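Inspection log for the structure reproduced underneath, given as structure tokens.
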Amino acid sequence: MRILGIETSCDETGVALMENEALVTGRVATQEVHSKWGGVVPELASRLHLRTLSTMVNDVFSDAGWSFSSLDAVAATRGPGLIGALLVGVSYAKGLAVSLGGIPYVGVNHLEAHLWAAEISGRKLKVPCLALLISGGHTELVRIDGFRSYTFLGGTLDDAAGEVFDKVGGMLGIAYPAGPELSKMAEPGDPNAIHLPVAETRNPLDFSFSGLKTAVLRRIEQAENPKDKSWKQDLAASFQYAVKEQIARRLRIALGDNSYRSLLIAGGVAANLALRETVREIAVEHGTELIVPPVELCTDNGVMIAYLAVKQLKAIGPSPLDEEADPNLVLVKDVR
Ligand code: KG4
Ligand code: ZN
């Protein structure tokens, strides 16, 4: 079973080839152009996907030494994301499937693909699994009881975790997406140097990051020398600590009833090494197995799309060609 996975929901063009759930080759191209605008410009994102996608697909086929005609299925992210960007991948995938004689097309939920990405390195999710999805657009805590069996436990009331890393990074002069560099800036800093709030929410499993963002802004406004390197490192470390602390409190509450066999963190922010360490400690405390995708599979990529598509094909079959891209697709209904 040979499958091509395509990811174009935001500012990464990702393509990958898999054979029987094993990765053959994958490539990711990050659109640098957005950094000068401080965030993703949707129109530019679509145009760049359009420009790069078919070349990248040709490249992975030549890396693998495969011919197009040897392909058994084509998958693309169908949501959530930027509609113009999604349409590039979805239209390409459907067109390719038709041109190859009507091989199956699979439309994939990007959030669901993030969740299952951890399995690509060979570790199956043990259910029930407590999963925290933390990306640039989403922060959701869900219980996984199996494929397509998800229960919503909590989510952010305002900004997503990645979004707050990007915004606070921007305040510290780091270009979008600021998460990776902000976490490097935090490394030499003192996490206890600057007190920052950890939000309390009515549902103890919800998240809120907007107060933290405002608190950081106030500290910068009030600082004697906000450009001082070591002060910035302390602020970055204190901010990262406050995010970790908020996440840790929710995970400890959710794991409190000891009903989970595993704990999973997924999505771009799960690439954060300090957070991975904290979550590891929590898993040990609760005697539950920790599952975290390798760093390169945490951020957007085509491999996770191909992997989930194989699962989906086996469980429910191909997607109809008239299934549309959906910018607001959800993982699980928010029951709040
Ligand atoms: O999953 P992803 O690639 O795209 C979305 O689906 O949103 O996540 C991207 C987000 C960005 O906000 C980025 O700043 C954040 O993940 N991110 C990080 C790190 N690496 C990526 N945040 C904190 N620390 C990191 N090491
Ligand atoms: Zn993502």
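Both ligands and their constituent atoms are indexed starting at 1 by order of listing. Since the model is a prediction, treat every value here as computed from it, not as a measurement.
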Quiz prompt | Flag for Ser208-Asp158: side-chain donor and acceptor within less than 3.5 Å | solution = yes

Self-check item: Neighbour count >12 (heavy atoms, 6.0 Å) for atom CD, Glu181
Solution: no

Quiz item: With a cut-off of 4.0 Å, which atoms of ligand 1 are near a heavy atom of Gly162?
Solution: 12 (O)

Quiz item: Taking Arg78 as the fixed residue, which of Glu323, Glu7, Glu112 is the one that meets the salt bridge (Lys or Arg N to Asp or Glu O under 4.0 Å) rule?
Solution: Glu323

Quiz item: Would you find more than 12 non-hydrogen atoms of other residues, nucleotides or ligands less than 6.0 Å from Lys227 atom NZ?
Solution: no

Exercise. Would you indicate whether Tyr105, at its atom OH, is surrounded by more than 12 heavy atoms from other residues, nucleotides or ligands within a distance under 6.0 Å?
Key: yes

Exercise. Tell me the protein N, O or S atoms under 2.8 Å from the Zn ion (ligand 2), in chain and number order.
Key: His110 NE2, His114 NE2, Asp300 OD1

Practice problem: Before signing off on this row, confirm whether Gly267 and ligand 1 have an N or O atom pair separated by under 3.5 Å. | Solution: no

Quiz item: Do the side-chain N and O atoms of Asp206 and Thr201 include a donor-acceptor pair separated by under 3.5 angstrom?
Solution: no

Quiz prompt | Mode of Asp166 contact toward ligand 1 - side chain, backbone, both, neither (heavy atoms, under 4.0 Å) | solution = side chain

Quiz item: To the nearest 0.5 Å, how far apart are CG in Leu133 and CG in Leu115?
Solution: 5.5 Å

Practice problem: Any atoms of ligand 1 less than 4.0 Å from a non-hydrogen atom of His114? List them with their elements. | Solution: 1 (O), 6 (O)

Exercise. List the closest protein heavy-atom neighbour of atom 24 (N) of ligand 1: residue, atom name, distance to the nearest 0.1 Å.
Key: Asn272 ND2, 3.0 Å

Practice problem: Going by heavy-atom distance to atom 9 (C) of ligand 1, choose the closest among Gly136, Cys10, Gly169. | Solution: Gly136

Quiz item: In terms of atom number and element, which parts of ligand 1 are under 4.0 angstrom from non-hydrogen atoms of Ser183?
Solution: 26 (N)

Exercise. Closest by any non-hydrogen atom to atom 21 (C) of ligand 1: pick that one out of Ala274, Gly179, Gly268.
Key: Gly268

Expected list for residues 80-92: side-chain donor-acceptor pairs under 3.5 angstrom, two or more places apart:
{"unit_1": "Ser91", "atom_1": "OG", "unit_2": "Leu87", "atom_2": "O", "d": "2.6"}

Quiz item: Any idea which atoms of ligand 1 are less than 4.0 Å away from a heavy-atom of Gly137?
Solution: 7 (O)

Practice problem: Give the numbers and elements of all ligand 1 atoms closer than 4.0 Å to a heavy atom of His110. | Solution: 6 (O)

Exercise. Among all protein heavy atoms, pick out the one at the shortest distance from atom 4 (O) of ligand 1; state its residue, atom name and that distance to 0.1 Å.
Key: Asp300 OD2, 3.1 Å

Quiz item: Going by atom types alone, do Thr30 and Glu32 pair a side-chain donor with an acceptor below 3.5 Å?
Solution: no

Quiz item: Side chains of Ser230 and Asp228: do they bring a donor and an acceptor to under 3.5 Å?
Solution: yes

Quiz item: Is there a side chain to side chain contact (heavy atoms under 4.5 Å, CB included) between Trp116 and Ile144 once you walk through the steps?
Solution: CA-CA 10 Å; Trp116 291 95; Ile144 304 178; 4.0 Å; yes

